[in-house]
K.L.:
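So that we are looking at the same thing, I have put the structure below in structure tokens.
Residue numbers start from 1 in every chain, and the chains themselves are labelled A, B, ... in the order their sequence lines are given, proteins ahead of strands.
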Amino acid sequence: MIRARYRNLSIQKRLFAAIFGPSLLIVLLVGTLVLVYDLVQFRRSLTKDAVTNASIVARACRFTLTALDPEMDPVGASETLYALAGDGEVRSAALFTMDGKLFSQYRRHPDLVIPATPKEVQTRDWFSVVVPVTVGAQQFGNLYVEHSLKRFNQRVISFAFSVLAAGLVLLVFAAAMARFLSGQFSGPVQVLAETARGFTRQRDFSLRAPPLEIPEFNDLRLAFNQMLQEIQQQNAALEKRTQQLADINRQLMNANRELEAFTYSVSHDLRTPLRAVASYSQLAIDEAPTDATPQVRDFLIRIQKNASKMAQLIDDLLAFSRIDARELERKEFSVEELVRSVWAQLIEESGGKAELELKVLPPINADRALMEQAFVNLLSNALKYTRPKENARVLVDAEMRDGQTVYRIADNGVGFDMRYYSKLFGVFQRLHTEQEFEGTGIGLAIVQRVIARHGGKVWAESELGKGATFYFTLG
Amino acid sequence: MQILIVDDNEDDVDLALRALRETGLTQEVFVCRDGEEALDYLFSRGRFAGKPQSELPRLVLLDLKLPKVDGLEVLKEIRGNTALTTLPVVMLTSSSRRSDLEAAYKSGANSYLIKSTDFSRFKRDIEQMGRYWLGVNQA
């Protein structure tokens, strides 16, 4: 609690506490010591003086009590006692005979009471001394003198006031010092803070802290400015690099757009004559006179088949190039649902009999249209390559591996030879002949592009005759 | 006059005519070779200045890529004229490009057909399209 409060204390308050605290302690300690010492000494000297004075008076009026003085005059004694009043501190005095009788007295005020028997007393306001009145070795009575402590008490008060005044002066001094020193300390800190703020908020990277008075602060300033310079340089380099990257990105985007436009116009322009070739060869086959030689008919069939094949290649190439042309629109959706609908559509189109085993899949954050393309190709491959199998089965599931969801599409189809794995995802690369399985070899290339566009990875494992397993992750 | 075909490719026009004939859509067909000619025809101007404005086809088969005025421009002109508001325009093109498809619908196309390389399929598409727009649809 106190510690927490101390943490939030300003420099000025800390310095004030540091200066004022110890100083006040010293003043109080020294003041108290001096005061006590002085007062003890003063009090001692007062008592000593009182005894000395009393002894002189006792000596002056010693004969008054002796039988040697025929007068035995209390009035004369009283006059002698009165002389004591020369000392303003004497309140009263009295001469007692040996048998304890009051012989003579002096009182400054009539209210003052002389005790019945003389004894030494110490009170807050006064004290009394008793000295024997002797002639030679014989005592004839006692002199009682009462001293006021008024002056002493005044001294105590003025002394205390002096200490208090010293404390107050110290307080003002400490506050002024704290103010001055905190200005010296916090000023540079504020200068540095102001510079840092200007640097970050206004992004004025040319800002530097001005020279500071205290060497340590100046050291800090130099290091600080060095840091700012470093940041300025790094920022400049970063901006330059960003600009370069933006330029490159723009160039790439332009190139990509041009390439895309090129692909489209080429495919459009290629398709038109191709359509004529394919369509007229088809018409020739359909409408050929019955006496056309079988060889001519065979040629026409070959022309027609190849034109169709080329049309398919162009369509596939277009589909492939479209993956990169589209802006990626990622959102969360259910893969399970997607797999189920794609599967139903494929089964309907192909009339396949494979069984789908679909496990619970976590929702995916991806571009739905692209993921659909990927799954269409992965699942149609699975369907295609399990076709010769009796109990065709396709499994789709997912598991967590190193904090990433790995999706798996496994089939028990004919599989492929791992020796040719490097060709598996290539464009128009095939590991089976057209006679075994139809296709252009674009499917897995599309899958790989789709996954790559999501920042993910796709890979596969297989053993000939035992099926193939495809895995992918999304970034 | 029932159908206006706007296409610059002779083979495509021939195949379309063949498909129409073979599927029994024996309609009267007029062919324009570019966009300008098509617009002149529809608005009875230029070469077709003598043709009555009320004489309009029941269906337009419009290619996208055309000399002079392209298919989209022709489409916009048609849709910009109140006399042709109810004229059905079917795009007949070889482009499967998404942006072409979207632009065509945005400009007011009624339908979008991709010319198939497979003639049997092309014939089937033309037949279904013709039956719908000339038989079922009210314009």
K.L.:
Among I314(A), T272(A), L274(A), who wins on heavy-atom pairs under 4.5 Å with chain B?
P.N.:
T272(A)
K.L.:
Working to the nearest 0.5 angstrom, can you tell me the gap between S279(A) OG and K123(B) NZ?
P.N.:
10.5 Å
K.L.:
With a 6.0 Å cut-off (strictly less than), is the heavy-atom count around NZ of K51(B), excluding the residue itself, greater than 12?
P.N.:
yes
K.L.:
Does a sphere of radius 6.0 Å around CZ in R387(A) hold more than 12 heavy atoms from other residues, nucleotides or ligands, not counting ones at 6.0 Å or beyond?
P.N.:
yes
K.L.:
So that I can tick it off, tell me whether D269(A) and K65(B) are bridged by a salt bridge, with the cut-off set at under 4.0 angstrom between side-chain N and carboxylate O.
P.N.:
yes
K.L.:
How far does OG1 of T117(B) sit from CZ of R271(A), to the nearest 0.5 angstrom?
P.N.:
6.0 Å
K.L.:
E22(B) vs L283(A), test: side chain to side chain contact (heavy atoms under 4.5 Å, CB included). Steps then yes/no.
P.N.:
CA-CA 11 Å; E22(B) 286 186 24; L283(A) 283 166; 3.8 Å; yes
K.L.:
Of all heavy-atom pairs between R275(A) and S94(B), which one has the smallest distance, and what is that distance?
P.N.:
NH1-CB, 3.3 Å
K.L.:
Look at atom NZ of K309(A) and say whether more than 12 heavy atoms of other residues, nucleotides or ligands are closer to it than 6.0 Å.
P.N.:
yes
K.L.:
Assess whether atom CZ of R121(B) is packed by more than 12 heavy atoms of other residues, nucleotides or ligands within 6.0 Å.
P.N.:
no
K.L.:
Is it the case that atom CZ in R45(B) sees more than 12 heavy atoms from other parts of the structure closer than 6.0 Å?
P.N.:
yes
K.L.:
Using a cut-off of 6.0 Å, state whether more than 12 heavy atoms not belonging to E10(B) lie near its atom CD.
P.N.:
no
K.L.:
Less than 4.5 Å to any heavy atom of chain A: does that hold for the side chain of L64(B), its backbone, both, or neither?
P.N.:
neither
K.L.:
For Q244(A), does the CD atom have more than 12 heavy-atom neighbours from other residues, nucleotides or ligands under 6.0 Å away?
P.N.:
yes
K.L.:
Which residue out of D100(B), D118(B), L15(B), T93(B) racks up the most heavy-atom pairs below 4.5 Å with chain A?
P.N.:
L15(B)
K.L.:
Please report the closest heavy-atom contact between D11(B) and Y280(A), naming both atoms and the distance.
P.N.:
O-OH, 3.5 Å
